[in-house]
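The structure under discussion appears below in the form of structure tokens.
Remember, it's a predicted structure, so these values are computed and weren't measured experimentally. In each ligand, atom 1 is the first atom listed, and ligand 1 is the first ligand listed. All values below come from the heavy atoms of this structure, side chains included, with hydrogens, waters and symmetry mates left out.
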Amino acid sequence: MFAANTYTARRERLLKEVASGLIVLLGNREVGMNYHANPYHFRQDSTFLYFFGLQHAGLGALLDADSGEVTLFGDDLELDDIVWMGPHPTLIESAVRVGVKNTAAYAEMGKRVQAAKEAGRVVHFLPPYRYRNMYELQQWLGIPIEKQKQEASETLIRAVVAQRSIKSEEEVMEMEKALAITRAMHLAVMKGAKPGKTEAQLAAIAEGIALGMNGHLAYPAILTINGHILHNHDHSHALQTGQLVLGDFGAETDSCYAGDITRTFPVDGRFTEKQKEIYQIVLAAELVGIEACKPGVAYQDVHRKAARILAEGLAALGLMKGDLDEAVAQGAHALFFPHGLGHMIGLDVHDMEDLGEQYVGYSESIHRSDQFGTAYLRLGRELETGFVLTVEPGIYFIPELIDQWQAEKKFSDFIDYGKVAEYRGFTGVRIEDNVLITADGHRVLGPPIPKSVEEVEAYRNG
Ligand code: GLY
Ligand code: MN
Ligand code: MN
């Protein structure tokens, strides 16, 4: 948590940019896993955290852009709650901690929103993603749940995105902390992997370290011998000699800033020649992608540049062929690289994804591609100083995708399906780092984690 004046300054800027109307910011509540009193790990809403820093369930806030008044809503614990949960800071103590002068009981919040609506004022709210908050907006504003996303305030979304996109020095320090934890997780997983160990045991190592360092997983860990399944959360396999392990996991700090790192390494101490060849291509694309990051460059172009490096490497192995500029322009590389090069990261691992990627990742002049693969690119817009983003190319051999494209003879001028057949069962390689855009270029955040073939093998054998 930062000092009160950080939150005060953020709210003042928000009030100024939204200029008029009533801003509603909803915190999150506990959510029961199988019954109410057995909840999931509590995670505060990231925008609420950004402007208020408070991590308790059941808070909300109104920011009046006409009067400048900010009010925090919540309820103090009663003695019965304290018996079970221990004492918590009172609402007033919490408000003082983050520079807010006005507080009121939570029930008051809905009444004030309703009164504002009845008085004909504009009520600004963000697209909700939790049903409890959708229910409240429906009760207070009479907007059906299915219409809330489209009726969310574009003015508010744009003002929040503008602020949260540019990371301050103190935010970058939190992200460095997240990456220090993330590094410890990756090192321990790499050290712990050997034939006979299970993916679940590696996932336990990763999560245990995050918890032990006062963090949490920033997202469910991908720790798998089936790295070609992009968001694979299955941990049911034992590692076998000759396989690759893909580990895509990161910590979020106690203040909820995320790290998002991927490393791919052999179960054995060394890569096979075939694994090494594919790995080197992905690494080259990652390094070229990172190198290209600087203010003013469109990330969509960085994505294409990395795709081009992948295509060149794949062509050198005989997997792709023909005019590679044309192949990449048409999207043939997406057989092997069917996702985007990266995304913004901050308080969310996919930062502000709840607010809408058209606002976060694209602009008036740069629109999302509808081409398979590049369509999944979450960030395409021009980079600005203070953005933090991921660079995460990969090469995957996805049997179902290969079979379909081959049956359709799709891009057969650019893909040698006979050669591709030799890689069936290869699985996948991804390498991912987190990068801050600086005035003169970029800085890779976090302490280094073994990445070159030599570093990975030395660490695996050391
Ligand atoms: N960890 C999910 C991603 O890299 O986007
Ligand atoms: Mn990742
Ligand atoms: Mn990522």
With side chains defined as the heavy atoms from C-beta onward, is the minimum distance between [X] and [Y] less than 4.5 Å?
X: I229; Y: T224; value: no
X: T427; Y: L246; value: no
X: E286; Y: P393; value: yes

Under a 4.0 angstrom heavy-atom cut-off, which atoms of ligand 1 come close to [X]?
X: D260; answer: 1 (N), 3 (C), 4 (O), 5 (O)
X: E392; answer: 3 (C), 4 (O), 5 (O)
X: H343; answer: 3 (C), 4 (O), 5 (O)
X: E432; answer: 4 (O)
X: H231; answer: 2 (C)
X: D248; answer: 1 (N), 2 (C), 3 (C), 4 (O)

What N, O or S atom of [X] is found closest to the Mn ion (ligand 3)?
X: E432; result: OE2
X: E392; result: OE2
X: D260; result: OD2

Ring-plane angle category for F372 and Y376, please: parallel below 30°, perpendicular beyond 60°, tilted otherwise. perpendicular
Parallel under 30°, tilted from 30 to 60°, perpendicular over 60°: which one fits the rings of H231 and H233? parallel
Would you say H350 has an N, O or S atom lying under 2.8 Å from the Mn ion (ligand 3)? no
How far is atom 5 (O) of ligand 1 from the closest protein heavy atom, and which atom is that? H350 NE2, 2.7 Å
Using the ring centroid of each side chain, check whether F265 and H186 are separated by less than 6.0 Å. no
Verify whether the ring centers belonging to F397 and F336 lie closer than 6.0 Å. yes
Test the R11-F52 pair against the cation-pi criterion, namely NZ or CZ under 6.0 angstrom from the six-membered ring centroid and within 45° of the ring axis. yes
Side chain, backbone, both or neither: which part of F249 comes within less than 4.0 Å of ligand 1 when only heavy atoms are counted? neither
Strictly under 2.8 Å, is any N, O or S atom of D248 next to the Mn ion (ligand 2)? yes
Distance check, rounded to the nearest 0.5 Å: I309 atom CD1 versus I281 atom CD1? 10.5 Å
